[in-house]
2 protein chains.
Amino acid sequence: MKQTETGHPPFAVTVDLVVLTIRGGRLQVLVVERGEEPYVGQLALPGGFVRPNEDLPTAAARELAEETGIAESTSHLEQLATYGRPDRDPRMRVVSVAYLGLVPDLPDPVAGTDAAASRFMSVDPLLKRPRRLAFDHGTILADGVERARAKLEYSALAAAFCAGQFTVAELRAVYEAVWGVELDPRNFHRKVTGTPGFLTPTGITTTRGGGRPAQLFTRGPTSQLNPPILRG
Amino acid sequence: MKQTETGHPPFAVTVDLVVLTIRGGRLQVLVVERGEEPYVGQLALPGGFVRPNEDLPTAAARELAEETGIAESTSHLEQLATYGRPDRDPRMRVVSVAYLGLVPDLPDPVAGTDAAASRFMSVDPLLKRPRRLAFDHGTILADGVERARAKLEYSALAAAFCAGQFTVAELRAVYEAVWGVELDPRNFHRKVTGTPGFLTPTGITTTRGGGRPAQLFTRGPTSQLNPPILRG
DNA sequence: CCAAAAGTGTTTGATTTACACCCATGG
DNA sequence: CCATGGGTGTAAATCAAACACTTTTGG
């Protein structure tokens with residue numbers, strides 16, 4: 001409808017990434033330091049322009065790979081929301097499609113093309129002072145963290161923060177970091193191992209972490225849980 | 001980052017609307033018949049181009065008013081997702097920001113500017129044959145219905161389908177239509193009236209619907225519920 | 001043997017579900 | 001007075017939270 005009104009105004013379209021991981025028991029987000037105006041020297045979420053023939057999820061995966069060296073297969077990427085206030089970028093009209101990425105705690109971002117300037121930071125101070133991030137990225141970050149918190153409750157997504165094989169205690173640490181609460185290890189264990197399709201046992205045990213050997217699991221086939229796996 | 005690569009490719013940006021209501025006990029969606037190529041004569045979701053200095057929520061509210069005569073205040077409007085496959089519109093590169101609208105069962109769309117060609121249709125047949133809708137609107141509709149179903153579970157949103165004052169039975173009919181299930185009237189009544197902040201009693205009673213007079217309520221102050229108000 | 005972490009059993013209280021039953025109106 | 005839907009009471013089943021207790025390793 002209405003596409004012949006006066007032609008169609010031109011927009012620039014970008015993707016911005018909220019890449020979350022857990023390090024040192026804290027929820028962290030990938031940020032870059034801006035090298036150009038506006039907001040030179042300020043922190044920002046990684047992102048970039050969508051190419052003329054590129055799909056949106058493809059653009060998000062490409063930016064993630066460029067900034068971190070993380071392949072799409074290693075991570076979970078989903079669309080978060082789209083931000084298009086006319087004044088959000090002083091240079092021109094930019095509509096940004098934000099993606100939420102959950103990645104395991106990998107060694108520091110590979111010093112590749114753009115990855116040099118990118119690093120992980122704890123989200124808490126950034127949520128308290130949203131203006132430390134360029135553009136409306138403080139808002140985008142807050143929305144991303146809220147989405148992650150909400151999704152842990154009724155999906156099997158927490159495992160996206162764990163690489164390959166993980167123990168129940170490691171999975172519990174994910175919930176505790178994202179929600180900022182303490183969970184009873186015994187009830188947690190019963191809950192997650194008792195939910196069909198959530199975890200796939202490998203039969204292997206590990207003693208990393210000390211104490212009695214713990215079973216290693218991988219992500220189960222189920223992604224959506226009803227009722228919620230755990231309550232926030 | 002990267003905005004000086006080769007300049008920035010131009011995109012057209014539109015908003016598309018998934019406007020849901022409940023009529024005759026069924027979940028219905030607002031559709032229009034396309035008057036121009038491509039997809040002439042086919043059904044499509046209402047929508048249109050975002051104006052050069054217009055915010056995205058403003059554009060969605062404007063389109064809703066143009067197509068239905070429904071004011072933003074009468075309805076609930078939230079961003080759904082953004083669709084930008086390079087081939088989704090054969091004419092040019094279009095990125096569409098979809099909005100989900102929940103509106104009460106009002107008399108037929110006012111025959112105003114664009115509203116003439118718009119009407120409500122049951123979602124079920126459209127979900128079964130997504131190709132009956134132009135572009136990727138079948139996908140957008142499916143995403144919108146899924147969002148609505150999920151949101152009823154943990155939010156006070158169901159009341160957005162009811163105009164002004166409503167009875168508990170009318171609210172229950174909303175859940176039954178959206179989820180396609182039957183709910184026990186007695187337990188439902190206890191649950192919704194027992195949840196603080198969900199419903200505001202008016203003290204007024206009505207006998208529309210027959211039988212013993214029912215209390216009328218308006219939407220309460222709480223929008224987010226934890227734990228879920230009801231399970232799907 | 002001791003510390004540390006994994007994992008199981010059990011008790012208690014809250015929540016859900018099913019359904020019997022009473023209330024207030026129109027016809 | 002009876003049909004219709006509104007609303008309350010209550011018992012059984014299910015689920016969540018708290019915590020005592022056993023298991024299996026490393027030192």
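The structure displayed is predicted, hence computed values, not measured ones. Proteins come first, then strands; the chains are lettered A, B, ... in the order of their sequence lines, and each starts at number 1.
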**Message:** One thing to verify: whether A:E67 and A:R119 come together as a salt bridge, which I'm taking to mean a side-chain N less than 4.0 angstrom from a carboxylate O.
**Reply:** no
**Message:** Quick one, A:E176 with A:R26, criterion salt bridge (charged side-chain N to carboxylate O under 4.0 Å, His left out). Give me CA distance, side-chain angles, the key distance, then yes/no.
**Reply:** CA-CA 9 Å; A:E176 293 180 332; A:R26 292 175 176 283; over 6 Å; no
**Request:** Measure the spacing between CD1 of B:I22 and CG of B:D105 and express it to the nearest 0.5 Å.
**Result:** 8.5 Å
**Asked** Between the side chain of A:T193 and the main-chain N/O of A:H189, is any donor-acceptor distance below 3.5 Å?
**Response** yes
**Request:** Examine the base of C:dA5 for any acceptor or donor lying under 3.5 Å from a partner atom in the side chain of A:R212, and report the outcome as yes or no.
**Result:** no
**Message:** Check this for me: does any side-chain nitrogen of one of A:D55 and B:R85 sit under 4.0 Å from a carboxylate oxygen of the other?
**Reply:** no
**Rounded distance in Å - CG (B:L199) to C1' (D:dG7)** = 14 Å
**Nearest-Å distance for atom pair CZ/C1', residues A:R208 and C:dA4** = 17 Å
**Request:** Scan side-chain atoms only and decide if B:D143 and B:Y83 contain a donor-acceptor pair under the 3.5 Å cut-off.
**Result:** yes
**Asked** Where along residues 155-176 of chain A does a heavy atom come under 4.0 Å from DNA chain D, residue by residue in number order?
**Response** none
**Prompt:** To the nearest Å, how far apart are B:L183 CG and C:dC19 P?
**Reply:** 15 Å
**Prompt:** Between B:T205 and A:G209, which has a closest nucleotide on DNA chain C that is more 5'?
**Reply:** A:G209
**Prompt:** So does B:E78 pair up with B:R147, basic N to acidic O under 4.0 Å?
**Reply:** yes
**Nearest-angstrom distance from the residue atom CD1 of B:I204 to P of C:dT25** = 15 Å
**Asked** Is the distance between the ring centroids of A:F188 and A:Y175 under 6.0 Å?
**Response** yes
**Asked** What integer distance in Å separates A:Q215:CD from D:dT25:P?
**Response** 13 Å
**Message:** Below 4.0 angstrom, which residues in residues 184-198 of chain A have at least one non-hydrogen atom near DNA chain D?
**Reply:** A:D184, A:R186, A:N187, A:R190, A:K191
